[in-house]
*Asks:* 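What follows is a single structure, and I will ask about it in a moment.
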Amino acid sequence: MPELPEVETIANALRCGGRGGPALLGRCICRGCLMWPRTLAEPAPAEFETRIGGQAIRDINRRGKFLIFRLQADSMLVHLRMSGDLLVEPQTAPIAPHHRLVLDLDGELRLAFNDPRKFGRVWLVADPQRILAELGPEPLDPALSANQFYERLQRTHRQLKPLLLDQTFIAGLGNIYTDEALHLAGLHPLHNSHHLDRTQAAGLLASIRTVLEEGIQRQGASIDWVYRGGDFQNYFRVYQRTGQPCPVCGTTVERIVIGQRGTHFCRVCQPAPKGE
DNA sequence: CACGAGACCTGTTCGC
DNA sequence: TGCGAACAGGTCTCGT
């Protein structure tokens, strides 16, 4: 799914205008209509449709991979998972095949949640913290220090790849940016988090920040058939570059499976930890 | 606690 | 050309 940079790009576009759409701040949600009921995590569809009507959009933000719409009385949280997207279109447009939820806005506009794979979820809640409470720190938050990050790595004995994908450890990384960050940091994806020293931990945090900021600057990545406007996919170091040369040393990039996720790395830049 | 497999879904691409 | 298998940016739950 979209990862932190893609979600950030979408939040910015909806808040301030962009990606060809207008800003949504201040607009009122007149009506909600659900096409695929399981899209709604809570409340029940009937309550959702009555409760969201008439609420104005006060702000649009991101936390981890969640989009947060602060409304008058409630917050609407959207998780795009693997294939979700949010589109702003005229109310006169036909309902596209993969639209799962549409919100009619004032100004004859429509906010549509489009999600071919139906993994995405939407919540309408009074207190967003109840849903977001388990998320780990924001990687780009300056309050997250290298020392704190080192301590968090020390607290567990897990392989780096699945650990970085764990949203309770750090919020916002997905398969792309995890592979990219580990390559930039020169760390093998199977490296045990407990065995990193302080220098390696600081380097990993810095690498995570570098690849996320690059992703945001390039408006995210557009891969497969899902075009989202960004072009970070043209700057991948290892992700989806199996068999191609490592941009640093020229060694062939390899693909292995860790935790059922395709994992791309360079065996020279990211040497296997001792004992593996 | 750490890890692996299966589930939830549809669409595209790959290999024979 | 056709068909099944593998694969896809995520997360949850269960079993070991």
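The model shown is predicted, which means the values in this text are computed figures rather than measured ones. To find a chain, count down the sequence lines: A is the first, B the second, and so on, and within it residues start at 1.
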*Asks:* Which atoms of nucleotides 1-3 of chain B (N or O only) lie under 3.5 Å from a protein N or O atom, and what are those distances?
*Replies:*
{"from": "B:dA2", "atom 1": "OP1", "to": "A:Thr156", "atom 2": "OG1", "distance (Å)": "2.8"}
{"from": "B:dA2", "atom 1": "OP1", "to": "A:His157", "atom 2": "N", "distance (Å)": "3.0"}
{"from": "B:dA2", "atom 1": "OP2", "to": "A:Thr156", "atom 2": "OG1", "distance (Å)": "3.4"}

*Asks:* Output yes when at least one side-chain N/O atom of A:Gln167 is less than 4.0 Å from OP1 or OP2 of C:dT11, else no.
*Replies:*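 It does, given that an N or O in the side chain of A:Gln167 lies less than 4.0 Å from OP1 or OP2 of C:dT11.
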*Asks:* Is the aromatic ring centre of A:Phe119 closer than 5.5 Å to the centre of the six-membered base ring of B:dC8, with the two planes inclined by less than 30°?
*Replies:*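 One would call A:Phe119 stacked on the B:dC8 base.
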*Asks:* So, OP1 or OP2 of B:dT10: does either fall under 4.0 Å of a side-chain N or O from A:Lys118?
*Replies:*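 So the side-chain polar atoms of A:Lys118 do come within 4.0 Å of the phosphate oxygens OP1 or OP2 of B:dT10, strictly under.
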*Asks:* Would you classify A:Tyr177 as touching base, sugar-phosphate or nothing, given that sugar-phosphate means primed atoms plus P, OP1 and OP2, and contacts are heavy atoms under 4.0 Å?
*Replies:*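 Result for A:Tyr177 = nothing.
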*Asks:* Among C:dC7, C:dT11, B:dT10, which is the nearest nucleotide to the side chain of A:Arg255?
*Replies:*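 Shortest atom-to-atom distance from the side chain points to C:dC7.
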*Asks:* Of the nucleotides B:dT10, C:dT11, B:dC8, which has the atom closest to the A:Arg38 side chain?
*Replies:*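 Side chain of A:Arg38 sits closest to B:dC8.
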*Asks:* Measure from the side-chain N and O atoms of A:Glu108 to the backbone N and O of A:Pro90, and report whether any donor-acceptor pair falls under 3.5 Å.
*Replies:*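 Checking the backbone N and O of A:Pro90 against the side chain of A:Glu108, no donor-acceptor pair under 3.5 Å is found.
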*Asks:* Backbone N or O of A:Asn175 within a donor-acceptor pair of the A:Thr178 side chain at under 3.5 Å?
*Replies:*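 It does not hold such a pair.
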*Asks:* Determine whether the aromatic ring centres of residues A:Tyr239 and A:Phe265 are separated by less than 6.0 angstrom.
*Replies:*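 Not close enough - the centres of the two rings lie 6.0 Å or further apart.
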*Asks:* Under 3.5 Å, side chain of A:Gln167 to main-chain N/O of A:Gly64, donor-acceptor pair present?
*Replies:*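 Checking the backbone N and O of A:Gly64 against the side chain of A:Gln167, no donor-acceptor pair under 3.5 Å is found.
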*Asks:* With a 4.0 Å cutoff (strictly under), does any side-chain N or O of A:His98 reach OP1 or OP2 of B:dG11?
*Replies:*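 Yes, because at least one side-chain N or O of A:His98 sits under 4.0 Å from OP1 or OP2 of B:dG11.
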*Asks:* Check the surroundings of atom CD in A:Gln129: do more than 12 heavy atoms from other residues, nucleotides or ligands lie under 6.0 Å from it?
*Replies:*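 More than 12 within 6.0 Å, yes.
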*Asks:* Output the single nucleotide from C:dG10, B:dA5, B:dC9 whose closest atom is nearest the side chain of A:Lys65.
*Replies:*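 Closest nucleotide among those given: C:dG10.
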*Asks:* Between A:Arg121 and C:dT11, is there a side-chain N or O to OP1/OP2 distance below 4.0 Å?
*Replies:*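 Indeed not, no polar side-chain atom of A:Arg121 lies that close.
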*Asks:* Where each pair must be Watson-Crick or G-U wobble with both distances under 3.5 Å, what dot-bracket representation of DNA chain C is obtained, with crossing pairs in [ ] and other-strand partners as |?
*Replies:* .|||||||.|||||||
